[in-house]
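Just so you know, these numbers come straight off a predicted model, no measurement behind them. Note that the numbering runs from 1 along the sequence shown for the chain.
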Amino acid sequence: MPVPKHLEDAVAKLKEVEFRIDEARQGPVTCENQKLWLEALTDYCLALAEVQSYNNESVHEKLHELAGRVGLRKFPAAT
């Protein structure tokens with residue numbers, strides 16, 4: 001699957017988890033609700049890490065494409 005599609009999926013997860021966090025925050029203060037809130041926060045962190053990872057991969061691919069267009073034989077160039 002191409003990186004943009006992975007990124008869209010990760011962003012969709014992020015939005016779904018944001019909804020779960022809001023639901024848990026608005027619920028009563030119970031152990032079960034706090035458990036749901038912490039699970040949602042954990043899922044949010046994982047989804048955010050996915051988004052960042054796919055953003056980094058996308059930028060990396062674009063840099064390699066640009067390096068190829070300008071004729072660099074090795075990227076990153078040796079210093």
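- Put simply, Leu41 and Leu48 are part of the same group of oily side chains (I, L, V, M, F, W, Y) that touch within less than 4.5 Å, one to the next.
- One N or O on the side chain of Thr42 and one on the backbone of Leu38 form a donor-acceptor pair closer than 3.5 Å.
- Using a 4.5 Å heavy-atom threshold, the side chains of Asn56 and His60 count as separate.
- Hydrophobic clustering, with ILVMFWY side chains joined whenever heavy atoms are under 4.5 angstrom apart, groups Ile21 together with Val11.
- The hydrophobic cluster containing Val51 also contains Val17, counting ILVMFWY residues as joined when their side-chain heavy atoms lie under 4.5 angstrom apart, directly or transitively.
- Between the CG atom of Leu66 and the NZ atom of Lys62 there is a distance of 9.5 Å, given to the nearest 0.5 Å.
- In this structure the side chain of Phe19 reaches within 4.5 angstrom of the side chain of Glu23, judged on heavy atoms.
- Pairing each heavy atom of Glu50 with each of Lys13, the nearest pair is OE2-NZ, 2.9 Å.
- Under the 4.0 Å criterion applied to side-chain N and carboxylate O atoms, Asp9 and Lys5 are assigned as salt-bridge partners.
- Of all non-hydrogen atoms in Ala47 and Leu14, the two that sit nearest each other are CB-CD1, 3.8 Å.
- To the nearest 0.5 Å, atoms CZ (Arg25) and CH2 (Trp37) are separated by 8.0 Å.
- From His64, atom NE2 reaches atom CG of Leu72 across 10.5 Å, with rounding to the nearest 0.5 Å.
- Atoms SG and CG, on Cys31 and Leu36 in that order, are 11.5 Å from each other to the nearest 0.5 Å.
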